[in-house]
Amino acid sequence: MTIDYNERIPNNVDLQNDRRLLRALEKWQPAFLRWWDEMGPVGAKECHAYLRTAIGADASGWAHFDHVRMADYRWGIFLAAPEADRRIGFGEHKGEPAWQELPGEYRSELRRLIVIQGDTEPASVEQQRRLGQSCPSLYDLRNLYQVNVEEGRHLWAMVYLLQAYFGRDGREEADAMLERHAGHPDRPRILQAFNEKTDDWLSFFMFTFFQDRDGKFQLSALAESGFDPLCRTCRFMLTEEAHHMFVGESGVFRIVERSCELMREHDTDDVRAHGGIDLATIQRFINFHFSICLDLFGQEQSTNAANYYSQGLKGRFHEAKIDDDHRLIDSVSVIRVLEHASIGTREVPALTAVNEQLRTNYIEDSRRGIGRFNKIIKAYGIDVELRLPHPAFHRKVGNFAGAHVTPEGEVVGEAEWDGRRALWLPSVEDYAFVRSLMRPVTEPGKMAGWIAPPKRGIHGQPPDFQYVRFD
Ligand SMILES: [Fe+2]
Ligand SMILES: [Fe+2]
């Protein structure tokens, strides 16, 4: 289905034939645009960025590339095509037809799930809003803007569900999405990882590597939902999320590559003097972002998560590929627990541990990415390995909240942990150093000195293509 960009709100949900919903969304639109103006990317308005835009939501070529004036960007509502006779794939309702209307008995649970997901989308735009002013290249600036406009669209996706299916309280939740702000002292975003600062590009690439990967897993679990509109919304969002993770993974990769290059060139581990980011600092950023993202998956054992699963609202990653009863009636899972001075395990009903299972899937996926960084380090003949810290390290949610665990998984005393903190997590000096490297590079084909150029351009364009124009 082709999308008509002449409409005020481009969509593939037949909005023009639902006057009530159209009016509600048209009322919300100016508030969204105001928010984008005040909280969106600084200095972007008059830029023309070479962006990918959705022109249809089916698998065959949904994307269109062109220079778009940022102020003219059109956010729309796109759902993946419906699957004929789709059935609920798990929980108590397994095998029943998927719900096309909101199941009244699960109204508050679904609203909660949609609000939590929706809140992360504008949060990331707010967190990244100043990065354009210190872009390492036009290629990277374009990628930042692409991620930003799509996160804005993800907010539209969740607001569409709220407005279309939840009536008055849906409208109130939609308004509240624009009232909470990342890092605001009184009205912060719901999840802590979305209140952290993202003021430098190393943090941005870590964010798109780790936080957007959390997005992939949360959206995948929601894409299993028995509530079909939620499933179809998330399926389309996942196609965009894949690009965000590409930006993160290739970004960190290029920083690591440049550091290795400088290490060989100057025969030193300490590349700071040569304008690079040392691998030890990169490791500390990994430790920070990974640990705050693990918190996003919630408690190891959770009654809420068990209910969402049983009710058919939120499934597991690739539910259909898992070989079990998809009800988790008698099965067990193993979770990690803190036992005095060490970390042990405990067997619990699998139904209560679906959060932990999703977190485990996330860890495996993250590890594959880290493996790619290590390949390039090895290719340079450098004897260093980047690693994910132990899952109990630096946690604020769940069984290890407040525990003092090293990146190797050793439980230590508070004083020892505090004493070694600067070895494990970015310090004020680390942030100051990384920020000192952040100078804008806006000449086509030029690249900041702390990052290697990308292997290839966007959509077949050459590296020195004018990915962003400032006219
Ligand atoms: Fe998103
Ligand atoms: Fe994303």
Side-chain angles (χ1 to χ4, degrees), residues 32 35-36 39-41 49 51-54 57 62-63 73 75-80 113-129 131-132 140-162 173-174 177-178 180-182 189-196 198 201 203-223 225 229-252 289-290 292-293 296-297 314 317 358 362 365-366 369 458:
F32 169 84
W35 166 82
W36 178 263
M39 304 303 285
L51 295 182
R52 175 178 80 161
T53 315
W62 64 274
Y73 189 84
W75 287 273
I77 297 163
F78 312 120
L79 271 61
L113 286 169
I114 293 167
V115 165
I116 290 177
Q117 180 59 43
D119 191 65
T120 67
E121 313 290 357
S124 67
V125 174
E126 294 168 350
Q127 287 168 291
Q128 297 162 13
R129 67 187 301 259
L131 287 170
D140 291 292
L141 182 61
R142 175 264 168 213
N143 282 348
L144 170 72
Y145 288 165
Q146 182 76 57
V147 170
N148 289 163
V149 294
E150 284 176 354
E151 299 302 7
R153 210 204 62 73
H154 290 179
L155 172 60
W156 272 92
M158 292 295 122
V159 162
Y160 160 73
L161 293 175
L162 289 169
E173 294 287 10
M177 295 282 189
L178 302 173
R180 288 182 293 268
H181 296 311
R189 293 294 174 184
I190 298 169
L191 300 169
Q192 185 45 33
F194 292 89
N195 287 307
E196 304 285 352
T198 313
W201 282 76
S203 295
F204 171 65
F205 291 131
M206 289 289 171
F207 188 105
T208 36
F209 183 90
F210 285 113
Q211 268 92 333
D212 284 276
R213 192 179 308 272
D214 162 66
K216 165 186 163 180
F217 281 88
Q218 300 299 341
L219 291 175
S220 297
L222 293 173
S225 185
L230 177 59
C231 155
R232 290 173 53 205
T233 305
C234 291
R235 279 194 191 169
F236 189 77
M237 289 163 77
L238 278 165
T239 61
E240 295 162 323
E241 210 59 57
H243 173 71
H244 306 176
M245 285 167 47
F246 159 79
V247 169
E249 195 160 317
S250 58
V252 177
H289 284 269
F290 179 67
I292 64 171
C293 285
L296 294 172
F297 292 85
K314 184 178 177 184
F317 182 63
L358 197 60
Y362 171 83
D365 204 57
S366 304
I458 302 292

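Since the model is a prediction, treat every value here as computed from it, not as a measurement. Counting starts at 1 for both ligands and their atoms, in listed order.
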Next on the checklist: Any donor-acceptor pair under 3.5 Å linking the side-chain atoms of His244 with those of Glu151?
Outcome noted: yes

Checklist entry - Taking the side chain from Asp119 and the backbone from Arg189, do they hold a donor-acceptor pair closer than 3.5 Å? => result no

Next on the checklist: Show, in sequence, the C-alpha distance, side-chain angles and deciding distance for Gln146 and Glu240, and conclude whether the side chain to side chain contact (heavy atoms under 4.5 Å, CB included) test is met.
Outcome noted: CA-CA 10 Å; Gln146 182 76 57; Glu240 295 162 323; over 6 Å; no

Checklist entry - With a 6.0 Å cut-off on ring centres, are Trp201 and Phe205 close enough? => result yes

Checklist entry - Using a distance threshold of 2.8 Å, what protein N/O/S atoms lie below it relative to the Fe ion (ligand 1)? => result Glu121 OE1, Glu151 OE1, His154 ND1

Checklist outcome for this item: When rounded to the nearest 0.5 Å, the distance separating OG1 of Thr233 from CG of Leu161 is 4.0 Å

Checklist entry - Do Glu150 and His243 meet the criterion of a side-chain donor-acceptor pair at a distance under 3.5 Å? => result no

